[in-house]
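What follows is a single structure, written as structure tokens, with notes after it.
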Amino acid sequence: VIEVLPPVRSATTLDRTSSQKTRIIIQKFGGSSVASAERMRACAEKAVAARRDGNHVVIVVSARGDTTDDLLGLASEVAENADKRELDQLLATGEQISIALMAMTIQSLGCPAISLTGQQCGVRTDNLHTRSRITAVDHGRLLSELLEGKIPVVAGFQGINHAGDVTTLGRGGSDTSAVALAAALKADECEIYTDVDGIYTADPRIVPNARLLDAISYDEMMEAASQGAKVMHLRSVELGKKQGVAIRVKHSQRHGLGTLICEPTRHAGHFGSMEQSRAVSTVALKTDLGRVTLEDLPNMPGLQREIFDRIARAGISVDDIIQHEVETGSVSTPGERCNIVFTLDKTDLTDVQPIIDEALKAIGRGRSRVDLGLVKVSAVGVGMQSQPGVAATMFRALADAGVTIHNITTSEIKISCILLETDGHRALRVVHDAFGLGNV
Ligand code: ADP
Ligand code: ASP
Ligand code: MG
């Protein structure tokens, strides 16, 4: 029997200015959180409890368990380099299964719910299949479902382009769907439910003594996500910062406050006095790294544009770029030749290779080489800007562990070392301990 909750408002828009303002909460449940009927029910209970507390609730779900990987496997059985439009058509089905099952689960708890695909709830994207970006959210349908007292259950990771074709946002993209809906609906909070208690000082599956954080700044979380902390999709944190969406990461099967991702200036209470002296807040490991080395390039104005403009137009994100000049023996023209090394996601290598070939042809000189089997360990913290010796601490820890460093890059709030894959986990643990981040 479906209990019909009274509509939250009888008006045609959500009146967010009245004194009895109804809170809007977005709850996103990741792949492992919806992998079985039992886990899905625990998630549904959280949503129904929030709804019964008088909130408007919108759910975003990912594909169940390993579904997305399995779908990619199916594609590789039929085509070596599958067409990206067709890949999106295929991958989007994973989330479509989850929304229908989740809506049924919520209904079975006596609460009205309705499943909506990205298209049905107006998520518009650009045209870059498999790595699309959200351009707008046309939230009319969502509002009307909320006004009828239902819990909309939205498929994460997907949208539609101008032609009405299904697009996907890149791996882990459901977090970004959730934050985009939170921004469009001006939600009070965006809750990201996953399979750990929140954001830790390091991936707790690799570093057993990692400590749960009460809060982390958007900047630190963005840096950690871009350096491999896959707990949050990088673009979701970026969007959260830009749109001022408070994001809370929690465990989907347990109780707990989780971790708030926010602006430290606005939530000073969460960043105790201890935090101010913290040089490093998290360490991260980026696996699946590809490194491209371009050698013997003629250094001239526009050289870098020839390479990176092309890569950017394909929508591929480059990680770190290092350029250095190469001795040519000619004293009159120092720095005539240079090498450029950059890293990127291993999965982007097949797409970047023909682009590099084309760029080298246009430049008229140079050769390229690709390396795999590398990882990157990074220490991240806004506090390192004002504290000396952070890099030295990291290098000492790696030296003591007998780890060879193959590249170093730094920004104001991170230090990264590229290492052999086989050293990755051990290096993460020693760097984590060197900064005293663990539980004692
Ligand atoms: P979901 O399927 O819910 O989106 P993900 O697998 O994408 O979940 O992200 C959760 C995982 O992120 C955790 O299981 C954990 O292994 C990993 N992780 C990496 N770095 C961290 C970190 N600093 N804090 C917490 N989890 C982390
Ligand atoms: N199902 C997609 C993936 O596995 C999106 C997500 O989980 O966020 O990458
Ligand atoms: Mg994820």
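For ligands, and for the atoms within them, numbers begin at 1 and follow the listed sequence. Here the structure is a predicted model, which is why all the values come from computation and not from measurement.
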Does Gly172 have a heavy atom less than 4.0 Å from any atom of ligand 1?
-> no
Identify which of Thr201, Leu212, Val231, Thr194 has a heavy atom lying nearest to atom 27 (C) of ligand 1.
-> Val231
Selection residues 99-125 - residue pairs positive for salt bridge (Lys or Arg N to Asp or Glu O under 4.0 Å), sequence neighbours left out = Arg124-Asp138
For the pair Asp371 and Lys346, find out whether any cationic side-chain nitrogen is under 4.0 Å from an anionic carboxylate oxygen.
-> no
With heavy atoms of Gly198 as the reference, note each atom of ligand 1 found under 4.0 Å away.
-> 24 (N), 25 (C)
min-distance protein heavy atom vs atom 7 (O) of ligand 1 -> Lys230 O, 3.5 Å
Heavy atom of Arg64, distance to ligand 1 below 4.0 Å = no
Anything under 3.5 Å between a donor and an acceptor, one on a side chain of residues 26-34, the other on a protein residue two or more places apart or in another chain? List them.
from, atom 1, to, atom 2, distance (Å)
Gln27, OE1, Ala47, N, 3.4
Gln27, NE2, Glu191, OE1, 3.1
Lys28, NZ, Asp175, OD1, 2.7
Ser32, OG, Asp195, OD2, 3.3
Ser33, OG, Ser252, OG, 2.8

Check whether any heavy atom of Gly228 sits under 4.0 Å from an atom of ligand 1.
-> no
Atom 24 (N) of ligand 1 has as its nearest protein heavy atom Tyr200 N, 3.0 Å
Does any non-hydrogen side-chain atom of Leu437 lie less than 4.5 Å from one of Asp433?
-> no
Between His233 and ligand 1, find which residue part has any heavy-atom pair under 4.0 Å and reply side chain, backbone, both or neither.
-> neither
Out of curiosity, His233 NE2 to Ser174 OG, how far, rounded to the nearest 0.5 Å?
-> 9.0 Å
Rounded to the nearest 0.5 Å, what's the gap from CG on Asp126 to OG on Ser132? Could you check?
-> 5.0 Å
Select one of side chain, backbone, both or neither to describe which atoms of Arg205 lie under 4.0 Å from any atom of ligand 1, heavy atoms only.
-> side chain
So which residues, sorted by chain and number, lie with a heavy atom under 4.0 Å of ligand 2?
-> Ser62, Ala63, Thr68, Glu95, Phe157, Arg171, Gly172, Gly173, Ser174
Kindly say whether Val382 contributes a backbone atom to a donor-acceptor pair with the side chain of Glu220 at under 3.5 angstrom?
-> yes
Any atoms of ligand 1 less than 4.0 Å from a non-hydrogen atom of Lys28? List them with their elements.
-> 4 (O)
Which atoms form the tightest heavy-atom contact between Ile413 and Asp219, and what is the distance?
-> CD1-O, 3.7 Å
Just by distance, with hydrogens left out, do Asp345 and Thr347 show a side-chain donor and acceptor under 3.5 Å apart?
-> yes
Donor + acceptor pair across side chains of Asn161, Thr167 (<3.5 Å) = no
Using a strict cut-off of less than 4.0 Å between a Lys/Arg side-chain nitrogen and an Asp/Glu carboxylate oxygen, indicate whether Asp88 and Arg85 qualify as a salt bridge.
-> no
Closest to atom 19 (C) of ligand 1 (judged by heavy-atom distance), picking from Val380, Asp203, Val207, Val249 | Asp203
Which ligand 1 atoms does Asp195 reach within 4.0 Å, using its non-hydrogen atoms?
-> 10 (C), 11 (C), 13 (C), 14 (O)
Does the pair Arg254/Asp197 count as a salt bridge with the N-to-O cut at 4.0 Å?
-> yes
Less than 3.5 Å between some nitrogen or oxygen of Ile199 and one of ligand 1, yes or no?
-> no
Any salt bridge (Lys or Arg N to Asp or Glu O under 4.0 Å) involving residues 375-393? Give me the pairs, sequence neighbours left out, ordered by first then second residue.
-> Asp319-Lys376, Asp320-Lys376
Do Asp175 and ligand 1 have an N or O pair less than 3.5 Å apart?
-> no
Verify the contact flag for atom 1 (P) of ligand 1, where contact means a protein heavy atom under 4.0 Å away.
-> yes
Check for a donor-acceptor pair, side chain of Asp203 on one end and backbone N or O of Arg205 on the other, with a separation under 3.5 Å.
-> yes
With atoms numbered from 1 as shown, which atoms in ligand 1 lie under 4.0 angstrom from a non-hydrogen atom of Ala229?
-> 20 (N)
Measuring from the heavy atoms of Ala202, does anything fall under 4.0 Å of ligand 1?
-> yes
